[in-house]
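What follows is a set of notes on a single structure, which appears directly below.
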Amino acid sequence: MPDPAALDPGVPDPAAPDLGSLTWLPAASRPDLLGAPVAAALPGLPGPAWVAEIDDDLADTAAFTEAYGVPLAASANCVVVAARRAGETTLAACLVLATTRADVNGLVRRHLGARKASFAPQDVAVAESGMAYGGITPVGLPAGWPVLVDAAVAAADLVVIGSGTRGSKLAVPGSLLAALPAAEVLDGLGQPLPAEAPAPPPAQPLRLDRAADDSDVGWGERPSDGSADDRRYLEDRPPHWGSD
């Protein structure tokens, strides 16, 4: 008899992951939550996959992490890359942990033998993948696309990825992604995110007790009275400035 958890979307899967505040169900039980290419590819996956429904306004990684409590290191981003060589453009997918960014114009470009590589335009990525922007995932991509998987993703026990739509997420073993037919595992594909630039120092308040042209040089302060001591200010100036 079939496992009821695999058929009834209302029955939680006892093997489902414990990731954040989401309820994870067998992906096969909720094809309505998946993009069409993902649902079509699901039976051929070499391992388990779970799906959780989310607010489609919270699909972007930062918002998703904050809203549902899924650790950033447990999520992976899939980016579509356009690689150009000899007047031809090839599309590829890169999968890296959300704590890193894909080395698109370095490792990816060299690996694909391209003259130039860059992120594919949004409309191209959506049209060619058949998936929603913000939900593009390596599962169900066109057969001709290389799928480059960072070694850290492949080594993860579980990783949260897109589902082809913005209204849900998939959770799968990293080894499953490494075993996809078009997958290639690359060391160093995910590079550390750049450190935030330090905040600029606060602006110094205007010194009203200094002459306008010596406030940043450090010459003496102009005396407040109009006595002969005021000559000190002029005499301290460099000779080429002249005098009054």
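Positions are given from 1, in the same order as the sequence printed here.
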* Structure fact -> The complete set of side chain to side chain donor-acceptor pair (under 3.5 Å) pairs with one or both residues in residues 71-80, sequence neighbours excluded, reads Thr61-Asn77
* What pairs of residues pass the side chain to side chain donor-acceptor pair (under 3.5 Å) test when at least one of them lies in residues 112-122, not counting sequence neighbours? -> Arg84-Ser118
Starting from [Y], can I reach [X] by hopping between I/L/V/M/F/W/Y residues whose side chains sit under 4.5 Å apart?
X: Leu33; Y: Leu45; value: yes
X: Ile54; Y: Trp24; value: yes
X: Leu180; Y: Val172; value: yes
X: Ile136; Y: Leu170; value: yes

Quick one: list whatever passes side-chain hydrogen bond (donor to acceptor under 3.5 Å, both in side chains) with [X], sequence neighbours left out.
X: Glu128; answer: none
X: Arg85; answer: none
X: Ser129; answer: none
X: Asp56; answer: none

For [X] and [Y], work out which heavy atoms get closest and say how close.
X: Asn105; Y: Ala117; answer: OD1-O, 3.3 Å
X: Ala59; Y: Gly134; answer: CB-O, 4.2 Å
X: Ala83; Y: Leu112; answer: CB-CD1, 3.7 Å
X: Ala178; Y: Ala183; answer: O-CB, 3.6 Å
X: Gly162; Y: Thr137; answer: O-OG1, 2.9 Å
X: Ala49; Y: Leu42; answer: CB-CD1, 4.2 Å

* With Ala74 via side chain to side chain contact (heavy atoms under 4.5 Å, CB included) - residues at least two apart -> Leu19, Val70, Pro71
* Partners passing side chain to side chain contact (heavy atoms under 4.5 Å, CB included) against Pro121 (at least two apart in sequence or in another chain) -> Asp123, Val124
* Give a yes or no on whether Glu66 atom CD has more than 12 heavy-atom contacts from other residues, nucleotides or ligands under 6.0 Å away. => no
* Answer yes when Asp57 and Arg166 have at least one side-chain N-carboxylate O distance shorter than 4.0 Å, and no when they do not. => no
Below 3.5 Å, can you tabulate the donor-acceptor pairs from side chains in residues 139-161 to any protein atom, sequence neighbours excluded?
residue: Asp150; atom: OD1; partner: Leu189; partner atom: N; Å: 3.0
residue: Asp150; atom: OD1; partner: Gly190; partner atom: N; Å: 2.8
residue: Asp150; atom: OD2; partner: Ala152; partner atom: N; Å: 3.1

* Once you round to the nearest 0.5 Å, how far does CG of Leu72 lie from CG of Leu193? -> 8.0 Å
* To do: Any chance you could measure Tyr133, atom OH, to Thr165, atom OG1, to the nearest 0.5 Å?
  => 15.5 Å
Identify each donor-acceptor pair in which a side-chain atom of residues 88-103 lies under 3.5 Å from a protein atom, sequence neighbours left out, and give them as a table.
residue: Thr100; atom: OG1; partner: Leu97; partner atom: O; Å: 2.9
residue: Asp103; atom: OD1; partner: Gly106; partner atom: N; Å: 3.4
residue: Asp103; atom: OD2; partner: Leu107; partner atom: N; Å: 3.1

* When you measure from the side chain of Ser168 to the backbone N and O of Ser163, does any donor-acceptor pair fall under 3.5 Å? -> no
* Tell me the salt bridge (Lys or Arg N to Asp or Glu O under 4.0 Å) pairs involving residues 32-42, sequence neighbours left out? -> Arg30-Asp32
* Mind jotting down which residue pairs meet the ring-ring contact (aromatic ring centres under 6.0 Å, His included) criterion with at least one end in residues 68-125? Sequence neighbours excluded, please. => Phe64-Tyr68
